[in-house]
Each structure stands twice: as C-alpha cells, then as structure tokens.
Participant: 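One structure, pasted below without further comment.
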Amino acid sequence: MDARTGEEPPFVSDARLDGRPGARRASPVLRAFRIFMLVVLPLALLAGAAAGFGYLRATRPVVPVERQAERPRIVQAAVAEPGTVQPTLLLYGQIVAGRSVDLRALVAGEVISVSPDLVEGGRVAQGDELLRIDSFAYEGAVIRARADLDETRARIAELDARVRQEEAAIDRAREQVEIGQREVDRLTQLSGAGATTVRALDEALLRLSQTNASLDSRENQLAIYEAQRGQLAAAVQRQEFALRQAERNLADTVLRAPFDAFVGNPGAEAGKIVGANDRVATLTAVDGLEARFALSDAQYGRLAEEGDILGREVTVVWRAGSATVERPAQVTRIAPQTSDASFQAFAVLEAREDALDVLRPGAFVEVRMADRAYADAIALPAASLYENSVFLIDGGRLQRVPVEVLAFDKDAVVVRGDIPAGAQIVASRLTAASSGQLVEVRE
C-alpha cells in the first residue's frame, strides 16, 4: 500500500523483477532467449559474413598480369683508343714582376719639374726624364771644382818653368865649377914653380868653394821643386775626382728611367724638397713579367723523372670576364725551398706589345703544362670513372672492368686496364650502375 495514497501498487511481472533484490527468478525460456540474442546470433552473423567474403573471393574474376618489358637506360659512350697519352696539368698561379726597383733621388734639392707619366699606373721607357731637381748649387760645385783644378794645373806649369830655369842654372854652375877647378889646378902648378903667389891660389880656391856651394844650393832647390810638383800632381788627381763627382751630381739632378717599366707608388711633385735616397716611385719592368705557380710533390716528382723541369714550355691563361689572354712562357727557375708540400716554379712570359698593356703583377692566372707521357693508356671523360673501374658496353649491357687511374687531364681521366681497342665505354653518370644493366647509346 502506498503511504501517501493508501492504494495497492500495480502488478509487476516476473520479467521486470528478475535480477532485482527480492524479485522472483526469471523462467528458463527467457534466459535461453537472452543467451541466443547476446551470444549465438552475433557469432552466426560473423560466420555468415566470413563465409560470404570467402565465396566472393573465390568467385572473383581473374585478371591476367602482364610483365613489363625491360627499358634500356640512355647513356653516352666513348671509344677506347689505347696508346701514349700525355695529359696537360692545369695549375694556378699569379703574375709577378721579374724585376722591380724602388727609384730614389740621387741628390737632394727642390723638385722643379715632374714627368706627366710619373703617376700610379703610368708607363715609362728607358731613358725618359722622370723629374728634375734644381741644379744651381750643383752647377756652382762644378765651377768651383773646375777652377780648383785649373789653378793647380797652372801652379804645376809655373813650377815646371822654375824647374827648367833651375836646371839651366845648375848646368851653368857646373861649368863654373869646372873652370874654377882648372884655375886652381893651374895656380897650384905655378905656385909649386914659384911663378905665382899663395894669395892668388887661395883666392882661386875660395871662388871654387863658392861655386860648389851655389851648385849644391841649386840642386837642393831643384829637389824641392820636384817634391812640390809631386804634391801638386796628387792634388790634381783629387781635384779631377772632385770635378767628376760634381759633374755626376749635376747629371743626377735629372732622374731618368733605367728601363721600360710601369710606375707605382709615385712620391714626387714639383716644389717638393727631396733628400738623397728618398723614394720617388716603384718601377716594375714590363719585359720581365713572370708567372709564379705551385707544383705538388707528386707532379714535381713525375716531371723530374722525365728530365729537367727548367726550360719547359707552358701556356699562361688570364681570364677576366669574357676576355681571355694566352701567353707562352718558359720555366726558368724553381724556388729553393718547398712551401706547404708544394714547389714554387717561375715561368718568364714572352714579351709582346699587346700583353704589356693588359697583364699586370698580381693577376691570377691558369698555367697549362704538359705532364709526363703514359704508354698503353686510355684517355676517357671523367664521368666514365666509377671508383677505379669503368663500364664497357657489350651487347647492349654493362660490364664492369677495373682500371688503374694514372692521371687527370682537365675534364678527362687517364687510365690503364684490360680494355680492348675500339670498345665502347659509358661516359655518363648512372645511379646504381651495375653489370648486366641494359643501356642504349645516345648518338
């Protein structure tokens, strides 16, 4: 009975009360139905679906599979031509000046004129006047030196005249000595015979003594003149040198180019006071440009095996944009020491007028030099090399052949191996290339 209404509750079936506390137990038929719905029916549905899938799979139409034909890979080929191969070494270097000097002022003074070519990058010829220094003081030095020399020579001429005069006086004194000696001898004989007086003999002896004294004095004076002349002769030599030095200093007031050259680092202007040994400019000879390039140890060793490297002909190539300048050169020397496992070589460029206006020291260049010659070798494109092997084309299929790599030549490689003459060799890069692959040569 409901506490609020006082009525009896409605009837509840056994199915709704099943499973609740205090409810009455469900019937066996109801439990079997529930098991069938929850377990058997889903399993039956799954089994039917599997059976249907198997039937459909078993009865599906069979589509025949066609195997695609093997497609050849398109390649380029090179023909093997065994023989003597001499590759070309491609080296790199720099143009350097074979002869470069710092031109310096030889005398001090004020610069009164400068050549218009004495500028950065200017070009001068041998003997061209580069600058002129005020020569007033040097002209005065020449005049003084020449005057001193003329004066000394005049003194020598005067002394020579005195020497001649003294020599003549000496001759006359000797004659007087001879006369006096004869007089003394005669008076001595007469005095012995009593024909003259003793006083007359003594007077004759006195005159002879005086004549001898005069002769000795003149001979001594002559010796003094000769010594003085020797001193003046030495002075003449000094003054002649002083005159030559003054004339040279005067000539050095005009500074001239010692050789055909390019001008760099100019340091002289009109009105500037320069001192002796002040740098005026740096001159780089135009006829002695050289290419300095490096040879590795291996390259140097290969070339040395065939003979002396000096005297080898090379080609120097300078590239600047679309412009290309090629000049023949000759290797003239090798640096005495190695640097970074390489040898520095120098090649003198052949002098040509059109090159002189283009090439300058400091330009980076290529140097092409003939390498050593290899007998029984083959030159192939670099793309033909696959890890120390190449691929021959035999019946349209690849065949790997090992080779010995001898050298590289620009975009080519020089190899030696068991390759018959006239064989076609792959000259293209192929990914995953292997023997047996089908290829087709592109003509």
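We count residues from 1, following the sequence as given. None of the values given here were measured: they were computed from a predicted structure.
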Participant: Could you walk me through whether Glu305 and Arg372 pass the salt bridge (charged side-chain N to carboxylate O under 4.0 Å, His left out) check?
Facilitator: CA-CA 8 Å; Glu305 287 180 354; Arg372 62 167 296 182; 3.1 Å; yes
Participant: Would you check if the side chain of Ser135 reaches a backbone N or O of Tyr138 as a donor-acceptor pair within less than 3.5 Å?
Facilitator: no
Participant: Given 3.5 Å as the limit, does a donor-acceptor pair link the side chain of Ser217 with the main chain of Ala213, or not?
Facilitator: no
Participant: Tell me, do Leu222 and Ile170 make a side-chain contact under 4.5 Å, heavy atoms counted?
Facilitator: yes
Participant: Could you give all pairs that pass the side chain to side chain donor-acceptor pair (under 3.5 Å) test and reach residues 412-430, with sequence neighbours left out?
Facilitator: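 Passing the test, one end in residues 412-430: no pairs.
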Participant: Look at the side chain of Asp278 and the backbone N and O of Gly275, then say whether any donor-acceptor pair between them is shorter than 3.5 Å.
Facilitator: yes
Participant: Evaluate salt bridge (charged side-chain N to carboxylate O under 4.0 Å, His left out) for Arg73 paired with Glu440, printing each intermediate quantity in order.
Facilitator: CA-CA 6 Å; Arg73 304 182 69 176; Glu440 180 180 345; over 6 Å; no
Participant: Charged N to carboxylate O under 4.0 angstrom, Arg327 versus Glu350?
Facilitator: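 Here Arg327 does not pair with Glu350 in a salt bridge, since their nearest N and O are not under 4.0 Å apart.
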Participant: Determine yes or no for a side-chain-to-main-chain donor-acceptor pair under 3.5 angstrom, with Ser214 supplying the side chain and Gln210 the backbone.
Facilitator: no
Participant: Does Arg333 come within less than 4.0 Å of Glu290, counting only side-chain N to carboxylate O?
Facilitator: yes
Participant: Under the 3.5 angstrom rule, does the side chain of Thr332 hit a backbone N or O of Ala347 as a donor-acceptor pair?
Facilitator: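 Not at all, since once roles are kept as given, no pair shorter than 3.5 Å links the two residues.
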Participant: Could you tell me which residues satisfy salt bridge (Lys or Arg N to Asp or Glu O under 4.0 Å) with Arg174, sequence neighbours excluded, listed by chain and number?
Facilitator: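 Partners of Arg174 under the salt bridge (Lys or Arg N to Asp or Glu O under 4.0 Å) test: Glu219.
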Participant: Side-chain donor-acceptor pairs under 3.5 Å in residues 249-263, sequence neighbours left out?
Facilitator:
from   : atom 1 : to     : atom 2 : distance (Å)
Asn249 : OD1    : Gln245 : NE2    : 3.2
Asn249 : ND2    : Gln245 : O      : 3.4
Thr253 : OG1    : Leu250 : O      : 2.4
Arg256 : NH1    : Gly127 : O      : 3.2
Asp260 : OD1    : Gln126 : N      : 2.7

Participant: Using the test salt bridge (Lys or Arg N to Asp or Glu O under 4.0 Å), find all partners of Glu151 that sit at least two apart in sequence or belong to another chain.
Facilitator: none
Participant: I'd like a table of donor-acceptor pairs (distance under 3.5 Å, sequence neighbours excluded) in which one partner is a side-chain atom from residues 393-403, with atom names and distances.
Facilitator:
from   : atom 1 : to     : atom 2 : distance (Å)
Arg397 : NH1    : Glu70  : OE2    : 3.3
Arg397 : NH1    : Gly436 : O      : 2.8
Arg397 : NH2    : Glu70  : OE1    : 3.1
Arg400 : NH1    : Ser389 : OG     : 2.7

Participant: Could you check whether any side-chain heavy atom of Phe346 comes within less than 4.5 Å of a side-chain heavy atom of Val348, counting everything from C-beta outward?
Facilitator: no
Participant: Please determine whether salt bridge (charged side-chain N to carboxylate O under 4.0 Å, His left out) holds for the pair Glu183 and Arg207, giving the CA-CA distance in whole Å, both sets of side-chain angles, and the decisive distance to 0.1 Å.
Facilitator: CA-CA 10 Å; Glu183 182 182 4; Arg207 288 193 297 271; 2.6 Å; yes
Participant: Are the side chain of Thr152 and the backbone of Asp148 linked by a donor-acceptor contact shorter than 3.5 Å?
Facilitator: yes
Participant: Of all residues at least two apart in sequence or in a different chain, which pass the ring-ring contact (aromatic ring centres under 6.0 Å, His included) check with Phe391?
Facilitator: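 Applying ring-ring contact (aromatic ring centres under 6.0 Å, His included) to Phe391 gives Tyr386.
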Participant: In chain order, what residues pass the side-chain contact (heavy atoms from CB on, under 4.5 Å) check against Ala234, with sequence neighbours excluded?
Facilitator: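 With neighbours one apart ignored, the set is Arg238.
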Participant: Would you give the length of the straight line joining atom CD1 of Ile156 to atom CD of Glu158, rounded to the nearest 0.5 angstrom?
Facilitator: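 Spacing of CD1 (Ile156) from CD (Glu158) equals 11.5 Å.
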Participant: Tell me, which pairs form a ring-ring contact (aromatic ring centres under 6.0 Å, His included) where one or both residues lie in residues 300-334, sequence neighbours left out?
Facilitator: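 Sorted result for residues 300-334: Tyr300-Phe343.
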Participant: Short question: side chain of Asn220, backbone of Asp216 - any donor-acceptor pair under 3.5 Å?
Facilitator: yes
Participant: Output yes when Arg146 and Glu247 qualify as a salt bridge under the 4.0 Å nitrogen-oxygen rule, no when they do not.
Facilitator: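 Looking at Arg146 and Glu247, the cut-off is met.
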Participant: Could you tell me which residues satisfy salt bridge (Lys or Arg N to Asp or Glu O under 4.0 Å) with Glu226, sequence neighbours excluded, listed by chain and number?
Facilitator: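 Glu226: no salt bridge (Lys or Arg N to Asp or Glu O under 4.0 Å) contacts found.
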Participant: Could you give the side-chain donor-acceptor pairs of residues 175-182 under 3.5 Å, partners two or more places apart or in another chain?
Facilitator:
from   : atom 1 : to     : atom 2 : distance (Å)
Gln181 : NE2    : Asp185 : OD1    : 3.2

Participant: Show your reasoning for whether salt bridge (charged side-chain N to carboxylate O under 4.0 Å, His left out) applies to Glu167 and Arg172.
Facilitator: CA-CA 9 Å; Glu167 289 176 346; Arg172 290 192 298 272; over 6 Å; no
Participant: Please report, to 0.1 Å, the donor-acceptor pairs under 3.5 Å made by any side chain of residues 74-93, with sequence neighbours excluded.
Facilitator:
from  : atom 1 : to     : atom 2 : distance (Å)
Gln86 : NE2    : Asp371 : O      : 2.8

Participant: Partners of Glu129 by salt bridge (Lys or Arg N to Asp or Glu O under 4.0 Å), sequence neighbours excluded?
Facilitator: Arg132
Participant: Do Gln330 and Arg312 have side-chain heavy atoms sitting under 4.5 Å apart?
Facilitator: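 SC-SC contact between Gln330 and Arg312 ruled out.
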